[in-house]
Structure formats: C-alpha cells, structure tokens
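Input: a single structure, listed below in structure tokens.
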There are 2 protein chains.
Amino acid sequence: MRTSGVSHDTALLRRLNTRATLQVLRQGGAQTLTQLARAAGLSRQTAEVAIADLTERGLAEEAAPTEGGAGRPARRFRFRAEAGHVVGVDIGPRRIFAMLADLNGDVLTERRLDVDEHLPAAERLALAEQAATACAADVSRGGVWAATAGTSGVVDRSGRVSVSHLIPGWTGLDLGGQVGRWFDCPGFAANDANLAALAEHWRGSARHVDDMVYVLSGYRAGHGLMLDGRLRAGRTGSAGELGRLPLVGWEDMSVVLARDGRDAEEVFEAARAGEERALAVVDRLAYGLARGASALVLVVDPELVVVGGGFSRAGELLLGPMRTHLAGMCLNPPEVALSTFGEESIALGGVRMALDHVERERLDL
Amino acid sequence: MRTSGVSHDTALLRRLNTRATLQVLRQGGAQTLTQLARAAGLSRQTAEVAIADLTERGLAEEAAPTEGGAGRPARRFRFRAEAGHVVGVDIGPRRIFAMLADLNGDVLTERRLDVDEHLPAAERLALAEQAATACAADVSRGGVWAATAGTSGVVDRSGRVSVSHLIPGWTGLDLGGQVGRWFDCPGFAANDANLAALAEHWRGSARHVDDMVYVLSGYRAGHGLMLDGRLRAGRTGSAGELGRLPLVGWEDMSVVLARDGRDAEEVFEAARAGEERALAVVDRLAYGLARGASALVLVVDPELVVVGGGFSRAGELLLGPMRTHLAGMCLNPPEVALSTFGEESIALGGVRMALDHVERERLDL
DNA sequence: AGCTTTACGTCGCGTCTTCTCATAATTGGA
DNA sequence: TCCAATTATGAGAAGACGCGACGTAAAGCT
C-alpha cells in the first residue's frame, strides 16, 4: 500500500494535457492543432496552450503548412526530435558498439570497434568513451540527455557490475556512473541480454508481444525477461544467469563444439551444405538451447522466445530443430523467432533504456 | 505505444482527489477532515468535498468524535468496509474452502469442506456454491461485489480451466463465470499457486517483498510468480507447471516417498524424532524442491522463496536442508521462508484478487 | 466568565477547460 | 475578378475546481 501524498491542483491538469498532446505529436508526426486536439481528446484551445508550452521547452516547432485543401491553411506543428539525444553503448568482451539516437529513437550515428578480450578495464572504458563521444561529436554539450551501457555479467539496479567473468577488471565497476560522466547526464547500465530483449520488444521480432523471453545463445548463454511489456531484471540483476544451472545444460554448448573440433561458423556452413555430422551437431546445440528455453517457458509462460547471440546466425537451421525439441518439453510451446537486430541489439536496447529515462523525467510522459 | 484518448477536464481532478482521500481513509482508520487533508496532500475543503462524495456512495460515514483534547471536537469519518463484500473459494481435489471478507479484506466467515477426490465436476461445483453462499448468508443480495475461485490446473486469463489433471470433469470449465453467477457479480478464477502467492504477498511471509516466488510443495507441485508486486500468470495461465519439466525433478517426489513406504506425515514425524532413514528421505525431498526452486530463482532472481503446500508442514525440518541445497545451485540464493497461511492461503488469495477488482472498478482506486 | 485551542463554513480569487462567435485566410466556381 | 464555401484562428464568457483567508462555533482550562 502506498500513500498518494501528491497534491492534485489544477496545474496537474495542464501537465496531463500537455503530456497527452506531446504523445500524440510524437506518434503522429507533424499535425495541425485540430488534429492534435481530436487525437488527444482535448479542445483545440487546450491543445494550443499545450503546444505553446512545448514550443517554449524546445520540444515542438511550427512546420510548413500543408499544400492544397480547402479553407484557411492550418498551422502545423512537429515534434523536435533533435532537441535532445541519447546514447547506447555495448561493451562486450570482444566488441564495443556505440550508438547515438535522437528523441524519436532514430539512430543517427554508430561506431563499432573490435577489441582484445584481455584488454584491461581502464583501457576498455577509454575506448568505449572514445567511440561514444565520437558518435556524439556533432551534438552540442548538454545535448545528450541520457546514456546506457550494456555488458555481459551481472549488473545491479544502480548500474554497478557485481559479477563479470568475461571481462578483466570489470567486477565492481560502477558502469552506469562512468557512462553518465562521459556526457554529464544520467547514466545507466544493464545486462546485455536484458537490453537485447528491450530492443527486440521495441522494434524487433517481439514488437507485438508483451510477454517474451530473449535467449542469448552462444559460447556464453544468457537471457532477458520481458513481462507485461516491462523488463524484469530481478533483485540483483542476476536474472539471466540461467547458464549457471547445470541441470539445464547450457554449459556444455562449448563441449559439443569442442568435440566436433570446428567452431560454430564452420559447423553451420557445413550443415547448410547438408553434411550429416554437422547437422547432428546443430541438432545437439538446438537440443541444449531448447532445454534452457524450456525452463524459461515453464517458469514464465511467454508468448514468444526470441533467439539471438552468436549461434542465431545459423537462422532457421537452428530454430527448426529447437522448435521441435521445445515442443516435446512444454505443455504450450510458445512461438520461437530469430532476433531482428544481430549485434546491434544491445546498443539499441541501451538507446531504448536511455529513452525510457528521458521520457519519464524530461518529457514527463 | 498507446494513445491517451481520454479527455482531462476538471472532473478528473475531483476523481483523483476523491481517490486519494479514500486511500488515506482506508489506511488510516477513522480520521478528522484535517488529518485526511494533510495525509492526502489536499486542503481541508477539498477533503470535505471528497468525503461528501464518498458518503453519498456509501463508502464513508461519520464516526464518533474523539473524546478529550482541546478545541472544538472534529467530526471524524471512517471507511465503511461493510459497504461491500468479496468471496474467495478454494476448490481443490479433496477440499473446498470458502471465505467471505469485507472491503478491508477482513475475513468475516469461513466454510471448510472435505470432498472425495473423485467427485464429479457438477457436484463439486454445487458443494462449492453451497459453501460460498452459506458464508455470505448474512449479506444482502448484491452485497457481494466480486468473487474468485482458485483451483489446481491451468486457468487462463478469462477464468476458464484449460487443463486439469486432478479434478474429474474440470477441464474446459468456465470457473470464473460460474463463480460470478453465484452472486451475480464479476467472477474470476486462477491457479491455486498463484493465489497463494498473492495471499503471502498481501499479508503473509512475503509482506515486505515485491519479487518473490511461491512454491507449492506436495504430491503435486506448482508455483506462483510475483514480480514487482504483481502476479505474473503468463500467456495461458500455465506458468506454474514447472512440475512438468522432467529435468527439474519435481515429478519424483512421490517416488521418493513411495520407496520409503510411508506417507509424508509419517516420515516427517519420524524425522522429527531423529530417525536416520526418515531424515534421509526429508533431505531427498528438500533436494528435489531445491532443484525446482533453483530453476525459478535463476530465471527470475526473486528476493524470497515462500514454501507452502502439504510438505511445508514439515517446517524448518524441510527448509533447512532446502536452503543448503539451494545455496549450492544459485549464485545469489534468496531467502527461503515458510508459508504463513497454510490451507487458507488459496481462498485468501482469492479474496485478494476479488478485492483487486473491486478497488479498480468500484472504488476507483 | 473569559481565554485558548481547534474545527467549521463561507467568500473570493486564480487556474484550467470548453463553448461560442466574430474574424482571417485560403480554394473553387460564377 | 468577385463571391461563396470552407477551415483555422483569436478573444471573451461561463463553468468547475482547489485553495487561502477570515469570521464563527464548540470544546477545555483557569
């Protein structure tokens, strides 16, 4: 039970209506006052007041009126997506990926960097900062309103890396705080699989689904949970460490491949060519994935499982057998889909998480 | 992305302030206008208007003023918890348990009934209806505002039992609809473990925790998920069927006991007396429970695991070894606690779910 | 009885939204 | 070229709401 505590005077109405107008403006593109008012369920005058408010805050501006059409041409207004920016960075063991996006979430610039997996924390951070600030080179100081980093390992709610086995010197790092310092803005950090889930739900394979599970398949495993349209990171942020459950069988992925002697890419290649042995290896991988996924499915019963990560490059080759195995393990097997964004999903999820903050705090949505 | 669509005129303010006043009134007991206003963050006048509103709706009434104290005695108002009622029914394989509660959720009457596990659906329903209506005998027609039934098996969002292995004729039953018809009110149905989780979170062992997992331990297994303070039933309501995952090892509970030859109660008795063989059996049960729980913990990373169901009667005898086993299976083992409400938890969870509906729809909270 | 304290009730003000009506700016046809 | 139709704009009035202020009412205490 929470107390309300907040006083509700008439100023709240103004805020609410401005918020509604802003939502409509963002979703519908450039619109006239009449259109805005109708869509937001307000009178034209109220919409006008809201637009004046937004214009003053730099979030709206007048656009060119529509050509043609009878009657007096209406003034049109558009959302100034360029009023602010957000940054998402994926800092992985072997790769750094930075993205700059505007307030619509449209990606403006990207930087990709391969790094050595033994690179120490300080230098890795410095490279990530370079990549991120380079992306934002054209953005004025203070123009980045929020930034989020994604990384492998356990990241707690405050943005601190509490455990990381894959990146040297990473454990204990206040990653969220670091990233915020780069742009003097609020900074966040989250587990990579969680961010990937966020991205897939935002614009990817899970666009139309509010209960889904993202499976990060590869030499390391992980997962992200999206329930009721919201990310569930768990108490310590360590949801996503399913790979640790020996019963589930994700740990022996690398064993399967090692036994074969080839790396994943080669095996997939051979399997695509129809080679028997490679197909058997792929089936074994699919079985392992299905075992892990089945635990997720039986626990949270999602509508969709999205498979991303390195192994997902095999595409339907892997998904087909995975569906078959999963069907045998669950009462109501959910749909299984490939990740839409490959490598970019983590940085894109970072963009989304930063946008979430901006929408909540600065746009007052 | 959803459009707002709702117009925000000044009437909304009134609604919001009335809501805030009602919340304060319910939480704080009988209060004066000044107290209400301060707690709700409103002016005294506004609180007065809200109270007038609530009084008209039958939800508030004037109480006796406080004795003593300087100054003019203030009128005091209290929430009329007796303005409406809710019903929760647990319809299990071998037991029916009905509860009537007022709008505060205080339980007024209970009825418990043992039934044969082979009892056909129609007769089982008739008995449940008898138990429930008997509980509500003193309540005027229309005085029950919502009712919820809990049962074992998969219950979908609409309140239909989609799968039930334990109760004959249960599969396909529109349980929520049935229960609603008893009292001519909105009726709901949910899986028993989910309702138990709700109850424990409301007033039981998980009172202060918003991310928790309820484990129904017994000859049949199940679980309920409470994340961010809300129940997550999953797409088809079949989250909670973890027992189906053979890898997890919940299925062989009965095997463990069968091998011993005694039933659970006898084994616990013997173990309490210190008998070696019984202790080994309990440890084996604890191991099985921990295996199942570990899957839950690794997937959702809760703060707390609440153990209920038949085996939980063993108390710390079972929980101790379970904690030990769990610690070996998880990175960050959560706390493990016993269920506060034994058999009553399911019906009580039903009360809570019915109250949720009432608060949302009729109290406009 | 008079003082102090606390609550009550009414009045007026400011804010917000909406309705109405006069006005402005276009297009298309006479 | 001019006029009607159409659509948007702008100003003013009305209604609803919340809040602060001030006078009044009702108790206890001295």
Side-chain angles (χ1 to χ4, degrees), chain A residues 4-25 28 30-56 60-78 364, chain B residues 4-25 28 30-56 60-78 364:
Chain A
S4 72
V6 194
S7 80
H8 288 139
D9 53 1
T10 50
L12 178 68
L13 272 189
R14 171 65 62 91
R15 274 187 47 209
L16 254 36
N17 288 333
T18 306
R19 173 190 308 184
T21 307
L22 180 53
Q23 280 181 352
V24 170
L25 188 65
Q31 287 163 85
T32 69
L33 286 178
T34 315
Q35 291 170 324
L36 281 168
R38 188 183 357 254
L42 302 169
S43 70
R44 194 179 51 76
Q45 292 93 321
T46 306
E48 191 169 2
V49 172
I51 283 289
D53 228 55
L54 293 171
T55 305
E56 190 157 356
E61 88 182 346
E62 195 162 348
T66 1
E67 301 288 320
R72 175 173 177 169
R75 297 158 67 197
R76 286 165 75 244
F77 297 90
R78 64 175 212 91
D364 186 35
Chain B
S4 73
V6 193
S7 81
H8 289 142
D9 52 3
T10 51
L12 178 69
L13 274 188
R14 173 65 62 91
R15 273 187 47 209
L16 254 36
N17 288 334
T18 306
R19 172 188 309 184
T21 307
L22 180 53
Q23 281 181 352
V24 171
L25 188 65
Q31 288 164 83
T32 69
L33 288 178
T34 315
Q35 291 169 324
L36 281 168
R38 192 190 346 262
L42 302 170
S43 70
R44 193 177 49 76
Q45 295 92 317
T46 306
E48 190 169 3
V49 172
I51 283 290
D53 229 53
L54 293 170
T55 305
E56 190 158 357
E61 89 183 344
E62 195 161 349
T66 0
E67 299 290 318
R72 175 175 177 170
R75 299 159 65 197
R76 285 165 75 243
F77 298 89
R78 64 175 211 91
D364 186 36

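Letters A, B, ... mirror the listed sequences (proteins, then strands); counts begin at 1.
Listed by first then second residue, pairs satisfying side chain to side chain donor-acceptor pair (under 3.5 Å) with a partner in residues 39-51 of chain A read A:Ser43-A:Thr46, not counting sequence neighbours.
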| Going through the checks in order, is the side chain to side chain contact (heavy atoms under 4.5 Å, CB included) test met by B:Thr32 and B:Arg75? | CA-CA 6 Å; B:Thr32 69; B:Arg75 299 159 65 197; over 6 Å; no

| said: Between B:Arg76 and B:Glu62, does the salt bridge (charged side-chain N to carboxylate O under 4.0 Å, His left out) criterion hold? Intermediate values first, please. | reply: CA-CA 6 Å; B:Arg76 285 165 75 243; B:Glu62 195 161 349; over 6 Å; no

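With C:dT17, D:dG20, C:dA7 as the candidates, the nucleotide lying closest to the side chain of B:Gln45 is D:dG20. With distances taken from any side-chain atom of B:Thr46 to the nucleotides D:dC19, C:dC8, C:dT17, the minimum falls on D:dC19. The side chain of B:Thr34 sits closest to C:dA7 out of C:dA7, D:dG18, D:dA26. Counting only heavy atoms from C-beta on, B:Arg14 has its side chain closest to D:dC17 among C:dG9, C:dT17, D:dC17.
Of the possible donor and acceptor atoms, none in the side chain of A:Gln31 sits under 3.5 Å from a partner among the backbone N and O of A:Ala39.
Taking atom CD of residue B:Glu48 and atom C1' of nucleotide C:dA7, one finds them 10 Å apart after rounding to whole Å. Taking atom CZ of residue A:Arg38 and atom P of nucleotide C:dT18, one finds them 14 Å apart after rounding to whole Å. Rounded to whole Å, atom P of C:dT6 lies 17 Å from atom CZ of B:Arg76. Taking atom CZ of residue A:Arg19 and atom P of nucleotide C:dC16, one finds them 16 Å apart after rounding to whole Å. Separating the CZ atom of A:Arg15 from the P atom of C:dT15 is a distance of 18 Å, rounded to the nearest angstrom. A straight line from CG of B:Leu16 to P of D:dC19 spans 12 Å, rounded to a whole angstrom. Taking atom CG on A:Asp53 and atom C1' on C:dT17, their separation rounds to 15 Å, with Å as the unit. The CG atom of A:Leu12 sits 15 Å away from the C1' atom of D:dC19 (whole-angstrom rounding).
Checking the phosphate oxygens (OP1, OP2) of D:dC19, a side-chain nitrogen or oxygen of B:Ser43 falls inside 4.0 Å. Residue A:Thr10 has no polar side-chain atom (N or O) positioned under 4.0 Å from OP1 or OP2 of D:dG18. In this model, the phosphate group of D:dC17 is not approached by any side-chain N or O of B:Asn17 to a distance below 4.0 Å at OP1 or OP2.
Between A:Leu22 and A:Thr18 there is no side-chain heavy-atom pair separated by less than 4.5 Å. B:Asp364 places a side-chain heavy atom less than 4.5 Å from the side chain of B:Arg15.
Across all their heavy atoms, B:Ile51 and B:Leu36 have their closest contact at CD1-CD1, 3.7 Å.
When the nearest nucleotides of DNA chain C are assigned to B:Gly71 and B:Phe77 by heavy-atom distance, the more 5′-ward of the two goes with B:Gly71. Heavy-atom nearest nucleotides on DNA chain C were determined for A:Ala47 and for A:Arg72, and the one closer to the 5' end corresponds to A:Ala47.
The base of C:dG9 sits within donor-acceptor range of the side chain of B:Arg44, with an N or O pair under 3.5 Å.
Within the nucleic acid shown, B:Arg75 comes within 4.0 Å of sugar-phosphate atoms alone, with no base atom in reach, counting heavy atoms only.
Looking at A:Val49, A:Leu33, A:Asp53, A:Leu42 one by one, the single match for side-chain contact (heavy atoms from CB on, under 4.5 Å) with A:Thr21 turns out to be A:Leu42.
Axis deviation across the helix from C:dA1-D:dT30 to C:dA30-D:dT1 amounts to 20°, comparing end segments of five pairs, rounded to 10 degrees.
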